[in-house]
Amino acid sequence: MRFTLLSRAYCHLCDEMRDALAAVAPGTPVDVIDVDAAAHAALEAAWGDAVPVLFAGSPSAANELCRYRLDPARVSATLASSGEIR
């Protein structure tokens, strides 16, 4: 299981979600994508106002778990269903 966190630089909610995710899913890889980057214009267009947003897998998989605040129960359930935790 891999998570992707869409975030922005200098975003306190993004920092809070990243920290909360580390506590709920220690050791689980997290790709952090800064949607401000010019290289991610499509992500900016689709998710610019919704950051932070957390996905199970990549954003292209459209498996959104939560936005703005971490939903620890949903993250734990996703990890459990993937066999990552018991």
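- With S76 contributing its side chain and A73 its backbone, the two residues share no donor-acceptor pair below 3.5 Å.
- Nearest heavy-atom pair across D31 and R2 is OD2-NE, 3.0 Å.
- Residues forming a side chain to side chain contact (heavy atoms under 4.5 Å, CB included) with A50 (at least two apart in sequence, or on another chain): W47, R67, Y68.
- To the nearest 0.5 Å, the span separating OG1 on T4 from CG on L54 amounts to 8.0 Å.
- Between the OG1 atom of T28 and the CE atom of M1 there is a distance of 8.5 Å, given to the nearest 0.5 Å.
- With sequence neighbours excluded, no residue forms a side-chain hydrogen bond (donor to acceptor under 3.5 Å, both in side chains) with N63.
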Cut-off 3.5 Å, no hydrogens considered: what does the side-chain donor-acceptor table look like for residues 8-15, sequence neighbours left out?
from: R8; atom 1: NH1; to: D36; atom 2: OD1; distance (Å): 2.1
from: R8; atom 1: NH1; to: E44; atom 2: OE1; distance (Å): 3.1
from: R8; atom 1: NH2; to: E44; atom 2: OE1; distance (Å): 3.1
from: R8; atom 1: NH2; to: E44; atom 2: OE2; distance (Å): 3.3
from: R8; atom 1: NH2; to: G48; atom 2: O; distance (Å): 2.6
from: D15; atom 1: OD1; to: R18; atom 2: NH2; distance (Å): 3.0

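- Separation of atoms OG (S58) and CZ (F3) is listed at 13.0 Å; rounding is to 0.5 Å.
- Note that OG of S7 and CG of D34 are 5.5 Å apart. Values are rounded to the nearest 0.5 Å.
- Across all non-hydrogen atoms, the minimal contact from L21 to L70 is N-CD2, 3.6 Å.
- Heavy atoms only, all atoms of each residue included: M17 and R69 are closest at CE-C, 3.5 Å.
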